[in-house]
Protein chains: 2
Amino acid sequence: MSKCEQCIVREFSSLKALNKDELVKLAECKTSRLVKKGEIIFEEGENVNGIFCVKDGVCKLTKLSPNGKDHIVKLVTKGELLGQRSMISDEPVNLSAVALEDMQVCFIPKSEIMGFFDKNNQFSMNVMRTICGDLKEADSQMVNMAQKTVKERLAETLLYLQDTFGKNEDGSLKIQLTRDELASMIGTATESCIRLLSDFNKLGLIELKGKKITLKNIAQLKKMI
Amino acid sequence: MSKCEQCIVREFSSLKALNKDELVKLAECKTSRLVKKGEIIFEEGENVNGIFCVKDGVCKLTKLSPNGKDHIVKLVTKGELLGQRSMISDEPVNLSAVALEDMQVCFIPKSEIMGFFDKNNQFSMNVMRTICGDLKEADSQMVNMAQKTVKERLAETLLYLQDTFGKNEDGSLKIQLTRDELASMIGTATESCIRLLSDFNKLGLIELKGKKITLKNIAQLKKMI
DNA sequence: AGTAAAATATGATATATATCATAGAAATGA
DNA sequence: TCATTTCTATGATATATATCATATTTTACT
């Protein structure tokens, strides 16, 4: 069983507040797991009873709408935690988590984490701040969905993807989403998403090569938001 | 200065975890304030440096979209707290709060609340659970905005308003929103909102008398969601 | 009470976006 | 390597919703 002390998740997440003893305890009770691209980590309505640490890879958090379409609420990448909200509320998870790439995740049972809440105030505050950040972001997204056009949301999302996940040597977006997934992030029909990408391409804002997307005119894309 | 011990906010909010001593301290440092309908409690971008307890009345939390339209993110009513997210994140507020009715609110400075976080674990957990609830709700609203039609959102919002704020003796919704406000809750143009209300009226789902709205066919409204 | 301002209502029209249909390209698997 | 499925692309069309215009009603003000 690998140690938690040098783990990337520990560096970047709320877990950075844990001391050496706590980390040793953590390493003992955690379970590691490889998740293949496309695999489900947990599904809406499940009882998870713990949190996941994303050590490597990216996953999407989705919510099923009554119309049968999935909506991508958030992307979660290495260094982040998964399932905090549901653990604290003591409820089933309200979102599904599906790997977008091969992933490495660790699972920490609820009992262990709840102990940290009691004894380590800094840890509690870190978790609280993370969730507050998520809330602020969710409010902002809600307004985006309600008030912005699909075109604006597409531009914004493309910029976000490049900012957050970077680009390959050829300049294309590092993170590989299908058109369908991109559409379900911005909240539109797949065909509309494809059509707009095609428009952006013709306008020289982006370049499409197969499923690779390269942002060509960042300034103009920013102006569209 | 009135006591906090019997206050409605204390009964229903995270503050219920506070003990007698803490409540006495609270009563000493809080400031009370009457807010008239339409008055601004705080505005997006302000530094609030504390939280508000809503003792009476209802306010809307709004966010300005780049297109110049306000979007109502949430309604907050008596017994609830205001400004927790921003206080914890130690950031300016991301939403504006405007009274929809005459209100009575108390302000508690940040220093006081932060003390409770350190010493009272139950209080921390209560706040955390509240914010987690807000996050779950925000995620759900985000998906609603992205995936549901305006008609569905109107039906859902009307049911929500009756559930949450109740009805008058004549059966009409107790909370009085302008059509404009209703539109900015569901994320549509004012005219579209008015038109759909008119449609619902003709279908016998609701009844309109002046600006009063009475839900007539709850079952059918629920089916629409 | 009377007037100005705001809110509600409704029609006409424009526009964005969804849906349906079809075809080609790319990925996957035996 | 070929076949089957999934993904991308684009046209044609339908539909929901926004926008503009105007009238009526309600509210607020002095």
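Note that the structure is a prediction, hence the values are computed from the model and not measured. All chains are named by letter (A, B, ...) in the order of the sequence lines, taking the proteins before the strands, and each is independently numbered beginning at 1.
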| said: Under 4.0 Å, counting only non-hydrogen atoms across every strand here, what does A/T149 touch: a base, just sugar-phosphate, or nothing? | reply: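 Here A/T149 touches the backbone only, sparing every base.
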| message | What's B/S192 touching, base or sugar-phosphate or nothing? Going by heavy atoms closer than 4.0 Å. | response |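 Here B/S192 touches the bases of the nucleic acid.
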Counting just side-chain N and O atoms, does [X] come under 4.0 Å of either OP1 or OP2 of [N]?
X	N	answer
B/S198	C/dT10	yes
A/K37	C/dA27	no
A/T190	D/dC7	no

Distance, rounded to the nearest Å, where [X] contributes [atom1] and [N] contributes [atom2]:
X	N	atom1	atom2	result
B/E152	D/dT15	CD	C1'	14 Å
B/Q147	D/dT17	CD	P	13 Å
B/D199	C/dT10	CG	P	9 Å
A/D180	D/dT8	CG	C1'	11 Å
A/L177	D/dT6	CG	P	19 Å
A/L196	D/dT10	CG	P	12 Å
B/N201	C/dT8	CG	P	14 Å
B/L208	C/dT10	CG	C1'	13 Å

| said: Can you confirm whether more than 12 heavy atoms, excluding those of A/K37, are under 6.0 Å from its NZ atom? | reply: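 Atom NZ in A/K37 is not packed in, count stays at 12 or less.
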| Is the closest side-chain donor-acceptor distance between B/R153 and B/T157 under 3.5 Å? |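 The criterion, which ignores hydrogens and geometry beyond distance, is not satisfied for B/T157 and B/R153.
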| task | Consider only side-chain N and O atoms of A/T178 and A/D180, and report whether a donor and an acceptor are under 3.5 Å apart. | result |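 The criterion, which ignores hydrogens and geometry beyond distance, is not satisfied for A/D180 and A/T178.
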| query | Less than 3.5 Å between a donor and an acceptor, one on the side chain of B/R179 and one on the base of D/dT25, is that the case here? | reply |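 Answer is no: no donor-acceptor pair is held.
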Identify which nucleotide among [options] has an atom closest to any side-chain atom of [X], counting heavy atoms from C-beta outward.
X	options	result
A/I194	D/dT19, D/dT8, C/dA18	D/dT8
A/R195	D/dT19, C/dT17, D/dT10	D/dT10
B/T178	C/dT8, D/dT8, C/dA18	C/dT8

| Less than 4.0 Å between a side-chain N and a carboxylate O, is that true for A/R129 and B/D90? |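 Salt bridge between B/D90 and A/R129, a charged N being under 4.0 Å from a carboxylate O: no.
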| message | Quick one, A/C59 and A/L100 - any side-chain contact, counting heavy atoms below 4.5 Å? | response |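 Contact flag for A/C59/A/L100 side chains = no.
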| task | Could you say whether B/K211 or A/K148 is positioned toward the 5' end of DNA chain C, judged by the nucleotide with the nearest heavy atom to each? | result |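 In this pair, the answer is B/K211.
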| Taking for each residue the nucleotide of DNA chain C bearing the nearest heavy atom, is the 5' side occupied by A/G210 or by A/K69? |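 Comparing both residues, the 5'-ward one is A/K69.
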